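Proteins come first, then strands; the chains are lettered A, B, ... in the order of their sequence lines, and each starts at number 1. It should be emphasised that the depicted structure is a prediction, and the values quoted were computed from it without experimental measurement. Just the heavy atoms: all of them, side chains too, but no hydrogens, waters or symmetry mates, feed the values below.
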Amino acid sequence: MKNKKTIILIIMTILIIAIAIGTVIFYMKGNEKKGSELNLGFKEVANLKKVSTELPDFKIKIDGAYVGTLDKNLLLANGIEVYEFDAGIDNGWDIVTNHYTGVKFSDVLDIMIQDASFTRVGFFSKMPRYEMFTKGQLTDNIFLVFQRDGKPIRNDGYMTLLAVDYKYKYSIEDVEKIYFWDINSTNGESSGSNLDNE
Amino acid sequence: MKNKKMIWIVCVCIVLIVCGLSFFLFKEKSSLDKGQIRNIKETTISDLPSFRTVILGDYTGLFVNTDVEKIKVYEFDATVDNGWSIEKDHYVGIRVKDAFEYLSIDNYSQVIFQSSGLVSVIYRYADITDDTFFVIKKNGELISEDVLNLISFDKDYNYNVEDLFSIKVTKEEA
């Protein structure tokens, strides 16, 4: 009888320990995977929807063929749409799915320079890093985002260029300046642009 | 009385196991602090990527894979914060400082490392430290077949350049 009790006690102890270990592992895994319940493939965008989230205050200097300032007021005055979406990003180690909030860069271009010409556009970060895209490389999946899983990616008051169709190394955090090149026209044939020609 | 003793023993066992487990998990996490290079030692490398990195600006030339034979190669464990997680990997690479010494690039104020994807990162003289590496292998495998990759283990991941295409060097003004 006593032996039976001891065996039950040992089994109970093992069970409690197993549950404790399981809980710790489950909690840690849950923390690691927070924000990535979906498992999208690289370049995939899902659940894209317009939201009424307020844009943060930000300022991006526009330079080159067109000069000016891109800020919250310019976008709001021109009826910019804010989107939320999930995207699968290749960060060089893994393909991770996160939830983003931001604006489509094609919409921003429409507001900034409308149908004025340019051949290349450069995105300069507050960090010593910049990236150039040719006009043809600007796909519909390029966004200026201000939140990843509900938090700023890096610093408050800055937008991050998120190029979903490219590896994350082609995204630029804390965009400080956008530079336009227009090798076809020295005057950047602006037609109704919200920016000034050089 | 005996039962009470038994319960005490069981409770102590549970507490000890949970404490031990927590200590192990905590230790594992704290050993992954970013920006650390560990177990660095000189090594040799036979299977190099067939890279051709263009040197531009105030110094001109080409940096190619046969040059690596004349430069010290290191292997080491290092941690990198990729923006999502802190990853610990085993790398093989060469110090940028050693490569510059071999290329006789000794007087510079700024270097722009440009990737083939047109991402550029600007380094000032002081930014290039002993922790700035051209990495060739990660966990025993070539990172790339035909290019070098730049990682500054002591800096933010925004300083890293994948698929290095060119290095533009600006001399320090006299």
Side-chain angles (χ1 to χ4, degrees), chain A residues 2 5-6 8-21 23-25 27-28 31-36 89-98 120-134 137 148-149 153-154 160-161 163 166-174, chain B residues 2-3 5-22 24-26 28-29 80-89 110-124 127 135 138-139 143-144 149-152 155-164:
Chain A
K2 265 189 185 173
K5 262 190 179 175
T6 312
I8 289 172
L9 212 60
I10 289 170
I11 291 171
M12 287 290 281
T13 310
I14 291 169
L15 271 176
I16 290 170
I17 292 169
I19 290 168
I21 292 171
T23 309
V24 171
I25 291 170
Y27 174 76
M28 292 194 72
N31 268 1
E32 271 171 26
K33 301 242 170 185
K34 216 174 182 180
S36 59
I89 304 288
D90 183 343
N91 66 17
W93 274 261
D94 299 299
I95 294 167
V96 281
T97 301
N98 294 95
R120 282 181 180 219
V121 58
F123 297 87
F124 291 74
S125 168
K126 189 182 159 204
M127 312 287 292
R129 185 178 180 93
Y130 59 92
E131 153 89 82
M132 263 193 288
F133 286 91
T134 61
Q137 288 173 323
R148 181 167 71 199
D149 298 332
I153 291 180
R154 205 156 256 276
T160 287
L161 174 89
Y166 303 89
K167 287 185 175 180
Y168 192 68
K169 65 183 179 182
Y170 297 112
S171 292
I172 296 288
E173 295 176 354
D174 293 352
Chain B
K2 264 189 179 175
N3 269 354
K5 255 191 184 174
M6 201 65 124
I7 290 168
W8 269 110
I9 289 168
V10 169
C11 285
V12 168
C13 281
I14 292 171
V15 168
L16 282 177
I17 290 170
V18 170
C19 285
L21 193 71
S22 307
F24 171 75
L25 291 171
F26 179 73
E28 187 68 19
K29 197 133 183 97
V80 175
D81 178 354
N82 63 23
W84 276 262
S85 53
I86 296 167
E87 301 288 342
K88 186 179 178 184
D89 296 288
Q110 180 182 281
V111 182
I112 301 176
F113 295 96
Q114 188 176 52
S115 87
S116 53
L118 296 181
V119 173
S120 301
V121 179
I122 305 164
Y123 277 69
R124 293 178 311 252
D127 293 331
V135 288
K138 186 166 85 179
N139 300 329
I143 298 172
S144 180
N149 292 273
L150 174 82
I151 299 185
S152 265
K155 291 183 187 62
D156 184 276
Y157 62 90
N158 276 297
Y159 279 84
N160 300 343
V161 181
E162 284 182 60
D163 303 344
L164 188 67

Given that the side chain runs from C-beta out, which part of A:Ile153 has a heavy atom under 4.5 Å from chain B: side chain, backbone, both or neither? neither
Most chain B-contacting option - heavy-atom pairs closer than 4.5 Å, from A:Gln137, A:Lys169, A:Met127: A:Lys169
Does a side-chain heavy-atom distance below 4.5 Å link B:Tyr123 with A:Pro128? no
Quick one: what part of B:Ile143 sits under 4.5 Å from any heavy atom of chain A, side chain, backbone, both or neither? neither
Is the shortest heavy-atom distance from the side chain of A:Asn91 to the side chain of B:Glu87 under 4.5 Å? no
Is a donor from one side chain sitting under 3.5 angstrom from an acceptor on the other, for B:Glu162 and A:Tyr168? no
If the test is side chain to side chain contact (heavy atoms under 4.5 Å, CB included), which one of B:Leu118, B:Val119, B:Ile122 qualifies with A:Tyr130? B:Ile122
Determine whether A:Lys167 and B:Asp163 satisfy the following criterion, side-chain contact (heavy atoms from CB on, under 4.5 Å), listing intermediate values before the conclusion. CA-CA 12 Å; A:Lys167 287 185 175 180; B:Asp163 303 344; over 6 Å; no
Rounded distance (nearest 0.5 Å) linking atom CZ of A:Arg129 with atom OH of B:Tyr157: 9.0 Å
Go through the atoms of A:Asp94 and report whether side chain, backbone, both or neither lie under 4.5 Å from a heavy atom of chain B. side chain
Going by side-chain contact (heavy atoms from CB on, under 4.5 Å), name the residues that satisfy it together with B:Arg124, two or more places apart in sequence or in a different chain. B:Asp127
Honestly, the part of A:Met132 sitting under 4.5 Å from a heavy atom of chain B is both
